[in-house]
Protein chains: 2
Amino acid sequence: MNYKESHKLLLRNVSRFINLTELEKQKYISLLTEIKVEKKDFLMQAGEITKYEYFITKGCLKVYTLDEEGAPHISMFAIEDYWTGDLSSFMTKEPSRYYIKATEHSELLGISRENYDLLFREIPKFERFYRILYQKSLISYIRRSNYGISLTAEERYLEFKKKYPQIVSRITQKDLAAYIGITPEFMSKIITKVNRM
Amino acid sequence: MNYKESHKLLLRNVSRFINLTELEKQKYISLLTEIKVEKKDFLMQAGEITKYEYFITKGCLKVYTLDEEGAPHISMFAIEDYWTGDLSSFMTKEPSRYYIKATEHSELLGISRENYDLLFREIPKFERFYRILYQKSLISYIRRSNYGISLTAEERYLEFKKKYPQIVSRITQKDLAAYIGITPEFMSKIITKVNRM
DNA sequence: GAAAAAAAATGAACTAGTTTAAGACTTTTA
DNA sequence: TAAAAGTCTTAAACTAGTTCATTTTTTTTC
């Protein structure tokens, strides 16, 4: 069958871990919702109960919380071929603490909680897909959870730049500072210093 | 059938997410290795390829890396009813960067990589078990990965104490400092301050 | 149960990162 | 295309956390 580009990208992502029959592919795609957001629009805001888990087919978004002083802490940037959302709120159906905002015009495929549950019943292979997907994410978050406490801000910046060069060039220095966990002023100093070297 | 206490604890842990028949339980248990370590003994050391994923039935262990200066960074404390290991090395079969050392006499059940793979073939329900287990771990590591960059050391200490009161009383202040990401001296100051309040 | 080893406390001098403020540069919007 | 809004840079004063050195307390070991 002839799929649209966004669906092709998703099916390619899924086929890394499991093989689907033609019928299963069609069933899977039928469970998804297409979503478009303009730059600066929110995909979701703190206080809401997350309706979807998202696969990004185009664009860039930032996932962040606001602390008591109202300062943002970005927990991830999501671009094409990445999954994002608030897994905690999605699973517990409790209000989220996260905001997700597009930093560019973005297009996504969302799966609702009902369809996510249905997916496992209809195509049990997806248990395996998500087992492997979560396993890989877990490995990278376990590593990352040590960064904040064991690396200096400069080391965290160099690490991010090395791992995600495509992202660095698409986001502002201010947002990068909110991800690294420092002030924009200190981010500016680090970049000046690193460029000088 | 009559299982020993350690196996009962594990079966209870697994039954949170999936139901096993009597036969499946026996099959599962047959795939496990019993391991005992004395206080200060290593379960594994950096440079080795991780052989097992571990379920702790008794005791307490610390999982840590050493940085270039030889300073330890503890990424988790594992006690009874917890899972531990180095998932990254276990999956990729590359040498680990982690040390796992018992802080008390400990008893564990280990599953080897071959048996882990076999488990999914023999009892596919385990894809679901691990999907949910990794999902829950992922949720808590996503949250934790922000702690280091968005909370002060004192806030991280209070957070840990609130979430794991049973662990705080079993470990040294020095190890707690290596987990929180500060020097033992500053940990001492924080504890003095918090107790004074 | 005494000696040795490790952990905890305290304090003074230091450093990585913050705060505040102001000016220059860039992007967005009407 | 001008004005407004947001981003980036620089610098001085500040604070959270480190380093190093010493003493006290607790735990381990024989």
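So that the names make sense, note that chain A is the first sequence line, chain B the second, and so on, each numbered from 1.
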State whether A:Tyr99 and A:Lys101 meet the cation-pi test: NZ (Lys) or CZ (Arg) under 6.0 Å from the six-membered ring centroid, and within 45° of the perpendicular axis.
-> no
Using distance alone, with no hydrogens and no angle criterion, decide if B:Arg16 and B:Asn13 have a side-chain donor and acceptor under 3.5 Å apart.
-> yes
Residue set satisfying side-chain contact (heavy atoms from CB on, under 4.5 Å) with A:Glu107, at least two apart, ordered chain then number -> A:Lys36, A:Thr57, A:Lys58, A:His105
Specify the residues of residues 143-161 of chain A, ordered by number, for which at least one heavy atom lies under 4.0 angstrom from an atom of DNA chain D.
-> none
Figure out the CG/C1' separation between B:Asp67 and D:dT18, and round it to whole Å.
-> 14 Å
Measure the distance from CD1 on B:Ile171 to C1' on C:dA6 and round it to the nearest whole Å.
-> 16 Å
Residues from residues 176-191 of chain B lying under 4.0 Å of DNA chain D - heavy atoms = B:Gly181, B:Ile182, B:Thr183, B:Glu185, B:Phe186, B:Lys189
Can you name the side-chain contact (heavy atoms from CB on, under 4.5 Å) partners of A:Thr84, sequence neighbours left out?
-> A:Tyr54, A:Ile56, A:Val63, A:Met76, A:Ala78
Separation of atom CD in B:Glu38 from atom P in D:dT28, rounded to whole Å | 13 Å
Check whether more than 12 heavy atoms from other residues, nucleotides or ligands sit under 6.0 Å from atom CG of B:Asn195, and answer yes or no.
-> yes
Decide whether B:Ile171 and B:Met187 are clustered together by the hydrophobic rule: side chain heavy atoms of Ile, Leu, Val, Met, Phe, Trp, Tyr closer than 4.5 Å, transitively.
-> yes
Contact check, side chains of B:Arg113 and B:Tyr116, non-hydrogen atoms, under 4.5 Å = yes
Over 12 non-hydrogen atoms of neighbours within 6.0 angstrom of NZ in B:Lys125 = yes
Could you tell me whether B:Lys25 atom NZ has more than 12 heavy atoms of other residues or ligands within 6.0 Å of it?
-> yes
Under 3.5 Å, which protein N or O atoms sit close to an N or O of nucleotides 23-30 of chain C? Give each pair with its distance.
residue	atom	partner	partner atom	Å
C:dT28	OP1	A:Lys39	NZ	2.8

Rounded distance (Å) that lies between atom C1' of D:dT27 and atom NZ of B:Lys174 | 13 Å
Please report how far the helix from C:dG1-D:dC30 to C:dA30-D:dT1 bends, comparing the axis fitted to its first five pairs with the axis fitted to its last five, to the nearest 10 degrees.
-> 70°
A:Lys193 NZ - C:dT15 P separation (whole Å) | 13 Å
With a 4.5 Å heavy-atom cut-off, do B:Lys27 and B:Leu23 have their side chains touching?
-> no
Assess the side chains of B:Thr152 and B:Glu155: does a donor N or O sit below 3.5 Å from an acceptor N or O?
-> yes
Phosphate oxygens OP1/OP2 of D:dT26: is one of them under 4.0 Å from a side-chain N or O of B:Gln173?
-> no
Ignoring hydrogens and angles, state whether a donor on the side chain of B:Tyr147 or B:Glu159 is under 3.5 Å from an acceptor on the partner side chain.
-> yes
Determine, for A:Phe120 and B:Arg131, whether the Lys NZ or Arg CZ falls below 6.0 Å from the six-membered ring centre while staying within 45 degrees of the axis.
-> yes
